[in-house]
Enquirer: 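After the structure tokens below, expect a handful of questions from me.
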Amino acid sequence: MGDRDITVNINGKDITVPATMSAIQAVWHAGHPRVHGVGCLEGVCGACKVFVRRAGRSIITTELGCQTMVEDGMQIIFLVFPTPNHHTYQLDDFKNSWDTQAQFHQIFPEAAHCRHCGGCTKSCPVEIDVEHGVNLATEGKFREAGELFLECVMCGLCLTSCPEEITPNHVGLFCRRITAYFHIRPSNLINRLEEIRKGEYRIVEG
Amino acid sequence: MSEGIPRKMALQNYFKGKGSRALPPEEVDIANLLEEYHPDYYEDTLVTLQTGPNKGERCHKDLAAILQADALIDDTDLAGAFVHETDLLVIGGGGAGCAAALAAAENGARVILSTKLRLGDSNTVMAEGGIQASIESGDTPMMHYEDTLKSGHFRGESRLIAALVMDGPEVIRWLIQKGMQFDQNPFGDLLTRRAGGTSHDRVVYCRDYTGLEMMRVLREAVRNGKTEVLEYSPVVELLTNETGHCAGAVIFSLDRAAYLLIKARSVIMATGGIGRLHLNGFPTSNHFGATADGLVLAYRLGARLKDIDSFQYHPTGMAYPASMAGSLITEGVRSAGAHLLNGLGNRFIDELKQRDCVTAAILRECAEGRGIVTDGGNRGVWLDTPTLERENPGILERRFPKLLQRGKICNIDPAGEPMLVYPTLHYQNGGVEIDENGSTTVPGLYAVGEVSGGIHGRNRIMGNALLEIICFGRRAGNKASETIHGRGHKKFTIEHTKNLSRELTNAGLSMEIKSPTLFPDYANFGIKQ
């Protein structure tokens with residue numbers, strides 16, 4: 001195969017593995033059990049949050065363990081923590097879209113306290129401009145904010161890095177949900193629902 | 001296996017425009033193509049089941065091994081276990097489980113949802129292509145019905161398919177009201193793309209993140225509701241009452257390393273598929289937890305299974321770099337017009353044939369030496385994304401951001417270089433036999449989503465899985481919540497596991513293997529370590 005073996009330190013243990021592996025594959029390859037913090041293995045579920053420090057660098061980055069290729073001298077720590085959501089809301093309680101902005105600030109009162117420290121944006125493993133998204137949401141620009149969070153994997157790293165305990169990922173998701181709830185009214189779908197309601201379609205089995 | 005064309009040489013062929021991009025001749029004998037190259041037909045992979053409700057029927061040998069295996073626990077493990085009581089236990093935290101829990105909770109049922117990993121850790125979150133619903137003028141539910149039946153080689157259950165296609169548009173409405181976004185045209189109509197093997201554009205989508213968008217929304221809705229969620233809580237056995245009615249489950253809490261008894265009036269199984277068993281040595285596009293636990297647990301309790309010799313190998317899993325092997329590239333890319341090319345630069349199949357045909361054709365190219373081989377020994381064919389982008393500038397960014405993100409991680413620019421793809425184990429076509437409310441042959445036990453069988457026959461079309469999980473998840477959730485006012489069960493036992501041991505011994509089968517599997521062996525994790 002010609003794979004070059006390299007040494008990485010994962011959760012305090014030095015392990016030697018081929019350089020073609022992700023952090024999770026490396027842990028398994030070395031024979032260590034790992035179940036917590038493993039999910040889709042494709043970069044979309046946000047389970048495998050890791051701290052990463054590359055050889056010769058002082059900066060620590062937050063990444064996803066299934067998407068991080070091991071490098072010689074790399075240090076990796078798996079971050080397994082629950083991601084509580086301390087806000088509760090029901091979309092059905094929103095009766096009038098004119099009131100959305102006021103209700104948003106009742107549900108997410110911290111969002112307006114953003115100190116613009118940039119911690120959330122820096123911590124995002126999928127490179128969303130999180131802080132900008134939160135600020136757009138506080139201004140009531142829900143559709144625009146929600147679009148920024150399209151690729152959000154709900155890993156929760158942004159909320160752990162926020163000194164004001166804003167939950168930016170849930171803010172982003174709220175923006176996307178409220179947009180769909182009030183504003184997606186497709187005529188092709190509504191037409192078809194109407195036709196079905198009137199009994200215009202039947203399935204002839206056989 | 002025969003040789004292939006080295007990746008560098010194949011890239012040269014590609015860039016020099018060698019080969020013919022003309023549509024290849026129509027496959028005249030599809031049955032023959034499948035028989036010769038589709039993994040379902042590999043020699044020596046099927047065995048005959050010797051115990052259980054499907055005794056005498058054919059089954060993949062790796063699945064048979066765990067269907068006919070001993071239980072993980074016995075009565076002694078239950079001494080001192082914590083006990084919870086609820087109306088409805090939902091097992092599995094993917095789309096089907098969440099839809100069932102939401103529907104039941106809205107009906108006033110007390111619901112516990114227990115999941116092996118975290119809420120939302122599932123194949124749902126990884127779905128890309130979209131969800132089927134006949135909403136375009138010119139399309140009808142009947143056409144959707146016929147496409148589903150035909151692509152499944154006429155082996156699907158007509159009653160289930162009828163329920164599925166008629167629910168389609170309402171399912172999309174329900175999702176939008178839960179806060180899910182779909183891609184729209186400038187006038188607000190939903191955009192649709194065509195699935196391979198179908199007669200009309202019918203798949204609605206959210207870029208190539210449809211599953212992620214759906215799962216985010218469903219998880220948030222469950223979290224904000226009254227359902228009690230138990231994470232890192234795999235089910236290791238089901239409970240029965242005095243009459244063989246399913247009456248709850250035994251859970252092993254990974255966080256507490258302790259057993260938990262959940263007594264429930266009914267149980268909805270939504271545990272997903274089997275990909276992490278890597279049948280026939282294939283890579284998989286599946287989630288870490290997809291180890292067929294639900295099939296094992298239901299079978300043990302006497303539920304009949306269906307089509308357990310039929311699995312879907314998605315044509316376009318990533319084949320390079322090796323660390324990403326098996327990761328999915330959505331059929332949407334082919335639907336948008338991307339071609340498949342072999343190492344000589346030729347097209348070799350109509351890319352929008354049904355999935356099993358396209359897969360068999362890719363395997364044929366590789367077997368006959370026209371595939372591409374990397375230095376590391378990985379094989380595959382090209383997915384021609386650069387031509388797609390050239391002919392539709394900006395389409396990758398507009399429609400397939402996940403593909404671009406994936407490219408970034410492996411230093412491949414899909415707009416400049418074709419992607420190497422190879423079939424990846426994607427879906428369990430069959431599963432637990434159900435009726436149109438998700439009821440299995442065991443009273444009190446429902447099965448929904450990938451763990452259930454009967455809708456897709458022997459081959460599923462893109463977008464029917466996401467539709468199925470919501471459609472049948474809600475149906476089962478509604479049906480199961482009808483029982484909450486009845487008298488509860490008197491007895492809660494795992495006595496059926498003793499019968500199982502006896503049956504295995506009588507059939508001369510090994511008692512060494514224990515199941516459910518819970519985690520793939522490469523994770524180095526067992527609950528009794």
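Chain letters run A, B, ... following the sequence lines, proteins first, then strands; residues in each count from 1.
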Enquirer: B/R118 vs A/M154, test: side chain to side chain contact (heavy atoms under 4.5 Å, CB included). Steps then yes/no.
Expert: CA-CA 12 Å; B/R118 306 167 315 151; A/M154 298 299 286; over 6 Å; no

Enquirer: So, do B/F288 and A/W28 have ring centers that fall under 6.0 Å from each other?
Expert: yes

Enquirer: For B/Y209 and A/E151, test the side chains for any donor-to-acceptor distance below 3.5 angstrom and give the result as yes or no.
Expert: yes

Enquirer: When you compare the side chains of A/H36 and B/D255, does any donor N or O come within less than 3.5 Å of an acceptor on the partner?
Expert: yes

Enquirer: Please report the closest heavy-atom contact between B/S323 and A/T20, naming both atoms and the distance.
Expert: CB-O, 3.2 Å

Enquirer: Salt-bridge test for A/E42 and B/K402: reply yes if a basic N is under 4.0 Å from a carboxylate O, no otherwise.
Expert: yes

Enquirer: Does any N or O in the side chain of B/R406 come within less than 3.5 Å of the main-chain N or O of A/G43, such that one atom is a donor and the other an acceptor?
Expert: no

Enquirer: What part of A/R34 gets within 4.5 angstrom of chain B, counting heavy atoms only: side chain, backbone, both, or neither?
Expert: backbone

Enquirer: Under the 3.5 angstrom rule, does the side chain of B/E220 hit a backbone N or O of A/L173 as a donor-acceptor pair?
Expert: no

Enquirer: With side chains defined as the heavy atoms from C-beta onward, is the minimum distance between A/N188 and B/E136 less than 4.5 Å?
Expert: yes

Enquirer: Counting only heavy atoms closer than 4.5 Å, note whether B/M126 contacts chain A via side chain, backbone, both or neither.
Expert: both

Enquirer: So does A/R192 pair up with B/E170, basic N to acidic O under 4.0 Å?
Expert: no

